[in-house]
Number of protein chains: 2
Amino acid sequence: MNEKYERQMKKGVLDMLVLKLLKSEAKYGYQIIQEMKEKSEETFLLKDGTLYPILYRLEDDKLVVSKWSEAVGKQVPRKYYEITEEGKKTLDEIEDVWKRISDGVLRIMEG
Amino acid sequence: MNEKYERQMKKGVLDMLVLKLLKSEAKYGYQIIQEMKEKSEETFLLKDGTLYPILYRLEDDKLVVSKWSEAVGKQVPRKYYEITEEGKKTLDEIEDVWKRISDGVLRIMEG
DNA sequence: TCTTATACTTTGTATTACTAAGTATATTAT
DNA sequence: ATAATATACTTAGTAATACAAAGTATAAGA
């Protein structure tokens, strides 16, 4: 029952969180999943099947670009995702939307 | 572009907000729309076509019950929606989910 | 050798906010 | 009287996304 609401409430915010994590530096998929888990203190536990479609969508929208890493030794090849200028701009906008909505929720829930 | 994110971010929270507004007293559709608008300071501007499907869903889930008002004078008949005990319990649970998710978002966005 | 972690891809499902169109009555302004 | 607006509820259809699940493949450790 609660999972239903949890899933719905996450809609829209994951794009924002992924862009935020990429803002400091380019990262690869597994790294994003780990940071999301650690920084949110276990609240955002993404499956890879959830993250990659988000990254592909962000790439289609030109908010991120991806590059395969040079083969360094025997390292499994990694695809690094880097935020674009447009991505940074969009991140700021999405953050404003989030602030406005969470403020609105607070006003109703606490009023 | 932003409308897309705004719409997604509202998913899940509208049920919570409607239940919250019904917690203090039974209300009819138009009244809910007005209170949502006022209390959220223009953030949640629901169309009737958005609200009623939510109310029907809540009713299907037995979180609210509806009663048509007695015909008082020439008043247009109104359908009052009242939160159930199960609805109150679910509201508390959804609120916990919301708090956990918004805390998680904050941790990532501010850290 | 087996398990686990790393790493990316694709397909399909369930859910929900919103638009739009429809029906109908009461009140207010012209 | 008439027109416009506010009130009040219903239904059908669209777009978007979190997630599960299944698949492919390599590296490291027990």
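Note that the coordinates shown come from a computational prediction; the quantities given were computed from them, not determined experimentally. Lettering of chains follows the sequences in order, A, B, ..., and the numbering in each one begins at 1.
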- Message: Let's see if you get this right: which residues in residues 102-110 of chain A place a heavy atom under 4.0 Å from DNA chain D?
- Response: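 The answer is none.
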
- Query: Where along residues 40-51 of chain B does a heavy atom fall under 4.0 Å from DNA chain D?
  - Reply: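 Output list: B/D48, B/G49.
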
- Query: What distance do B/K20 atom NZ and B/M36 atom CE have between them, rounded to the nearest 0.5 Å?
  - Reply: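 Reported value, rounded in 0.5 Å steps: 12.5 Å.
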
- Item | Rounded distance (nearest 0.5 Å) linking atom OG1 of B/T84 with atom CD of B/E82 |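 It comes to 9.0 Å.
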
Looking only at side-chain atoms of [X], point me to the closest of [options].
X	options	value
A/K4	D/dA18, C/dT16, C/dT9	C/dT16
A/Q8	C/dT9, C/dA17, C/dT16	C/dT16
A/K10	D/dA16, C/dT9, D/dC19	D/dC19

- Let me know, please, whether A/P77 or A/V13 comes out on the 5' side of the other along DNA chain D by nearest nucleotide. A/V13

Can you tell me how far [atom2] of [N] sits from [atom1] of [X], to the nearest Å?
X	N	atom1	atom2	answer
A/I94	D/dT17	CD1	C1'	14 Å
A/Y28	D/dT26	OH	P	18 Å
B/K67	D/dC9	NZ	C1'	19 Å
A/E3	D/dT17	CD	C1'	18 Å
A/W68	D/dT26	CH2	C1'	12 Å
A/R7	C/dA17	CZ	C1'	17 Å
A/L58	D/dA16	CG	P	15 Å
B/I54	D/dC9	CD1	P	14 Å

Using a 4.0 Å heavy-atom cut-off across all strands, classify [X] as base, sugar-phosphate, or nothing.
X	result
B/Y56	base
B/K11	base
A/Y81	sugar-phosphate

- Please check if atom NZ in A/K37 has more than 12 non-hydrogen atoms from other residues, nucleotides or ligands closer than 6.0 Å. no

Output yes when [X] and [Y] qualify as a salt bridge under the 4.0 Å nitrogen-oxygen rule, no when they do not.
X	Y	answer
A/R7	A/E3	no
B/D61	A/K4	yes
B/E86	B/K89	no

- Message: Can you tell me if A/Y52 touches the phosphate of C/dT9, counting only side-chain N or O atoms and a distance under 4.0 Å to OP1 or OP2?
- Response: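 Indeed not, no polar side-chain atom of A/Y52 lies that close.
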
- Message: Evaluate B/S102 against A/W98 for side chain to side chain contact (heavy atoms under 4.5 Å, CB included), listing each step before the verdict.
- Response: CA-CA 10 Å; B/S102 58; A/W98 165 258; 4.0 Å; yes

- Contact check, side chains of A/R57 and A/L63, non-hydrogen atoms, under 4.5 Å: no

- Query: Any donor-acceptor pair under 3.5 Å linking the side chain of B/E35 with the backbone of B/L21?
  - Reply: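 Looks like no, no N/O pair under 3.5 Å.
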
- Heavy-atom closest contact (A/M16 atom, B/V105 atom, distance): CE-CG1, 3.6 Å

